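Beneath this line is the structure, given in structure tokens, with notes to follow.
Keep in mind that this is a model prediction, so the values were computed, not measured. Chain naming here is simple, since letters A, B, ... match the order of the sequence lines and numbering starts at 1 in each.
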There are 2 protein chains.
Amino acid sequence: MSRRSGILEFAVLGLLREAPMHGYELRKRLNTSLGIFRAFSYGTLYPCLKTLVASGWLIEEPGSAPEEALASSLAGRRAKIVYRLTPEGKEHFEELLSHTGPDAWEDEHFAARFAFFGQTEREVRMRVLEGRRSRLEERLEKMRASLARTRERLDDYTLELQRHGMESVEREVRWLNELIESERAGRDQRPDTGAPHDNDSGETGGLPRHGGSTRPDPSDDTTK
Amino acid sequence: MSRRSGILEFAVLGLLREAPMHGYELRKRLNTSLGIFRAFSYGTLYPCLKTLVASGWLIEEPGSAPEEALASSLAGRRAKIVYRLTPEGKEHFEELLSHTGPDAWEDEHFAARFAFFGQTEREVRMRVLEGRRSRLEERLEKMRASLARTRERLDDYTLELQRHGMESVEREVRWLNELIESERAGRDQRPDTGAPHDNDSGETGGLPRHGGSTRPDPSDDTTK
DNA sequence: AATTTCATGTAATTCGTTACATGATTCC
DNA sequence: GGAATCATGTAACGAATTACATGAAATT
């Protein structure tokens, strides 16, 4: 039960795994670096951090201020809180990363998963990418069917909207195909004809050259 | 104040302008014909219909059943309700159609507006299309700036996600450019007054040939 | 006769935003 | 010394979902 989307929770855990941070900075990273897929407000973030602490996945640490901590034991001292992932939190995040089922195929969930692909194994990445692709293909099937049923009853603009929508989905499928291709090529290694050029070596995962997300919307940086 | 998004309300009014319908059918059209941009559940739709009735924009009429109406004056008779737009509702919808300000540039709002372009004048369409384009260009600017600031700190997958996201937005801008171009080319035009016209011929507005929406997600037809 | 699809609704819950309230620090 | 930005939080509200509850009509 309880169908919670948990995207914010997931992203917070993932970001804190890289380094401890306080809420304000976390939110900025959520909305810019990772902001491709979603913008979050403080009204969402701070309460979320508190529940993550209550779950034992994060701990609060006194903020960056160097000396002041001991001198001012008095009341109003508004804390600057740095959040750090606990071992349990790390474990929990890894557990979340291992879920490759249907939930991870959905628009925003998928984007969040993809943003943390750097912390997963190739096998997991493959399952998520392929799952996403199959989800989109189902979608296309439905759109095509619906279009076929209703085509003549719709006006030009509605039709154009549907057409563009379908093309967007088709485009993402192509993107996924390339990503999957790259993942496969990943470590097995290409038959490569010649010259082992060193410059941009490494590249363990192998990414293609374009980009993409499902729903871009950083919207605004300054809360407003 | 009260910042309500009103997309559902808008779409219901727009669909009922073409023809009276009952809730069930309305929901299907919302999720298939128009479903490109959003799926709605009954838990959302039915209460919304009631408030639209309370506002005087719709009236409820006895359902399609032919004879039965007079015979069974007794209790439990679950009604089949057909909703029809009142003159006030029509007026209200036209008033909504005339808003071409910033709200109409946003992702889902824009898609909803576009879906009813057939019922607007060219001048209004132009303002909405150009507004949408400027909104996307701002977005691109922010994304580019953010990318420039953080590029080297991000891993390949995050970068790839951002790249694909930006390309999606750029693609939509190109689509808008073509639409704007077509609008300019296609002389004056019909604000179409409801009623399903058989399309094809004419090509009054002048549409380009691809398709597109901001956020495809009919997700499922069968509620669950 | 049973199943699917049509058809309408309500209650509890989830997820998130806006507006408010407060204050520290840094830049100009 | 004033503005911008950093920093943390809460309360009221909004929009929508899911699960529940009910039942009629059409199809197999």
So, is [X] close to the [N] phosphate, meaning a side-chain N or O under 4.0 Å from OP1 or OP2?
X	N	result
B:T44	D:dA15	no
A:S41	C:dG16	no
B:K28	C:dC6	yes
B:K50	C:dG9	yes

Give me the atom names and distance for the closest heavy-atom approach of [X] to [Y].
X	Y	result
B:R29	A:L154	NH2-CD2, 4.2 Å
A:T120	A:R125	O-NH1, 2.9 Å
A:L176	A:F110	CD2-CZ, 3.8 Å
A:W105	A:R132	O-NH1, 2.7 Å

Taking [atom1] from [X] and [atom2] from [N], how many angstroms apart are they, rounded to a whole number?
X	N	atom1	atom2	value
A:Y24	C:dT25	OH	C1'	11 Å
B:L58	C:dT8	CG	P	13 Å
B:R27	C:dT5	CZ	P	13 Å
A:N31	C:dG16	CG	P	12 Å
B:Y46	C:dT8	OH	C1'	5 Å
A:E9	C:dC15	CD	P	9 Å
A:L8	C:dT17	CG	P	9 Å
A:M21	D:dA7	CE	C1'	15 Å

Axis deviation across the helix from C:dA1-D:dT28 to C:dC28-D:dG1, five-pair ends, to the nearest 10°: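 End-to-end axis angle: 40°.
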Tell me whether [X] is salt-bridged to [Y], with the criterion being a basic N under 4.0 Å from an acidic carboxylate O.
X	Y	value
A:D107	A:R139	yes
A:E25	A:K80	no
B:R171	B:E167	no

Using a 4.0 Å heavy-atom cut-off, does B:G23 contact any base of the nucleic acid, only the sugar-phosphate backbone, or nothing at all?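 Sugar-phosphate only.
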